[in-house]
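Right, one structure below, let's go through it.
In each ligand, atom 1 is the first atom listed, and ligand 1 is the first ligand listed. Hydrogens, waters and symmetry mates are skipped; everything else that's a heavy atom, side chains included, is used.
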Amino acid sequence: MKNKKVMLTGVRPSGNLTLGNYLGAIKNFVEKQNDFKSYIFIADLHALTSYVEPKKLKESIRNSIAMYLSCGVDFEKTTIFKQSDVLEHGFLGFIMTFQTKMGELQRMTQFKYKSQNVGKFGVDTGLFVYPTLMVSDILLYDTAIVPVGKDQQQHVELTRDLAERFNKKYGDVFNMPDVFIAPIGNKILNLQNPEEKMNKSDNGDNKGTIFLLDDIEVAKKKIMSAKTDSLNQVKFDEENQPGISNLMSILSKITGESFESIENRFKNKGYGDFKKEVAEAVGDLLKDIQEKYKKYNNENFLKNILQKGAQKARRVANKKIKEVSKVLGLN
Ligand code: TRP
């Protein structure tokens with residue numbers, strides 16, 4: 001029990017999660033939460049890199065905690081908290097900027113991407129130093145593994161670089177984290193455009209994206225009208241059949257059935273039967289999540305969980321900050 005390794009991940013506040021979020025990230029976390037000392041936090045400071053109406057932000061934070069619980073994050077096993085409740089994140093974030101070269105931050109693809117269309121006043125420094133805050137989120141808890149999407153891999157690599165740099169200068173303070181990216185089906189693709197990730201902001205009509213809070217029938221319809229390929233064979237082949245492969249990933253991730261077994265079962269059947277089965281599986285999953293969501297989305301209940309989570313997180317984070325302050329000569 002005592003020497004379990006630490007798994008930690010941060011999530012941007014949004015109650016409006018997609019099937020892609022669930023199958024690509026949350027489910028992996030849930031399945032691993034027994035094997036690690038686990039932390040999940042709402043990255044509400046990170047959310048401030050773009051303007052969000054305060055009332056909306058508050059609501060998103062609440063909805064996202066309810067959502068993570070509904071997806072199976074167990075507050076008895078996992079410390080759930082919100083980043084802004086643990087002031088140590090900001091403190092270490094500030095310290096870590098002193099270890100970071102501007103060039104390192106300029107190289108971040110997320111930064112390059114997100115800083116493209118800014119107004120005449122240029123890019124916010126918050127967006128620029130965003131990764132150093134993430135570095136600190138990770139290093140505060142002696143994290144061993146960080147389950148994230150591929151788009152965040154570079155930030156975890158930066159974390160390793162900065163941890164190493166700091167340790168070389170000041171002594172062995174930080175643990176070296178590894179990124180964990182789920183091997184298959186990790187990327188659930190847009191149902192209408194299987195060249196792209198399933199994304200919240202998919203071109204407006206949202207036919208390609210299933211939201212966990214979608215009406216069940218609407219979600220099923222989205223599966224039934226998903227773009228498929230012309231080979232007319234239920235066969236996993238991401239290159240030549242991205243549409244069907246994506247639906248296979250979805251089914252396999254939900255039920256645990258292997259691709260081989262799915263292929264065998266649908267050998268002499270058409271896409272219609274296959275899609276129907278995927279739609280049923282997705283429908284059942286959403287139904288389960290939505291029932292829990294109704295139960296959990298209760299202000300006092302959630303407040304209580306966050307308070308307890310923050311207390312636990314603070315204890316650990318504060319210990320690390322003391323260590324950091326000491327080696328820096330700030331104590
Ligand atoms: N940057 C992550 C994202 O946009 C969220 C995040 C913040 C995070 N801090 C983290 C993820 C620490 C893992 C570990 O998705």
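Between Tyr130 and ligand 1, a contact under 3.5 Å exists for at least one N or O pair. For ligand 1, the polar-atom distance check against His155 finds no nitrogen or oxygen pair separated by under 3.5 Å.
Checked against the 6.0 Å centroid criterion, the rings of His89 and Tyr141 qualify as a close aromatic pair.
Heavy-atom proximity to atom 2 (C) of ligand 1, evaluated over Gln110, Gln152, Gln83, Arg12, is greatest for Gln152.
Relative to the ring axis of Phe180, Lys32 places its NZ or CZ within 45° and under 6.0 Å from the centre. Note that Lys269 lies in the cation-pi zone of Phe266, set by a 6.0 Å cut-off to the ring centre and a 45° limit from the axis.
When non-hydrogen atoms are compared, ligand 1 lies under 4.0 Å from the side chain of Ile138 (C-beta onward) but not from its backbone. Residue-level proximity to ligand 1 for Val146 is carried by the side chain, the only part with a heavy atom below 4.0 angstrom. The proximity of Phe41 to ligand 1, defined as any non-hydrogen pair under 4.0 Å, is limited to the side chain.
Protein heavy atom at the shortest distance from atom 6 (C) of ligand 1 is Gly10 O, 3.7 Å. The shortest contact between atom 9 (N) of ligand 1 and any protein heavy atom is with Asp137 OD2, 2.7 Å.
A distance of 11.0 Å separates OG in Ser64 from NZ in Lys82, rounded to the nearest 0.5 Å.
Ring geometry, Phe301 versus Phe75: the interplanar angle exceeds 60°, so the pair is classed perpendicular (tilted spans 30 to 60°).
Those atoms of ligand 1 with a heavy atom of Val148 less than 4.0 angstrom away are 11 (C), 13 (C).
Using modelled atom types, no side-chain atom of Asp85 and backbone atom of Ala310 make a donor-acceptor pair closer than 3.5 Å.
Salt bridge status for Glu263 with Lys267: absent, with no side-chain N to carboxylate O gap under 4.0 Å.
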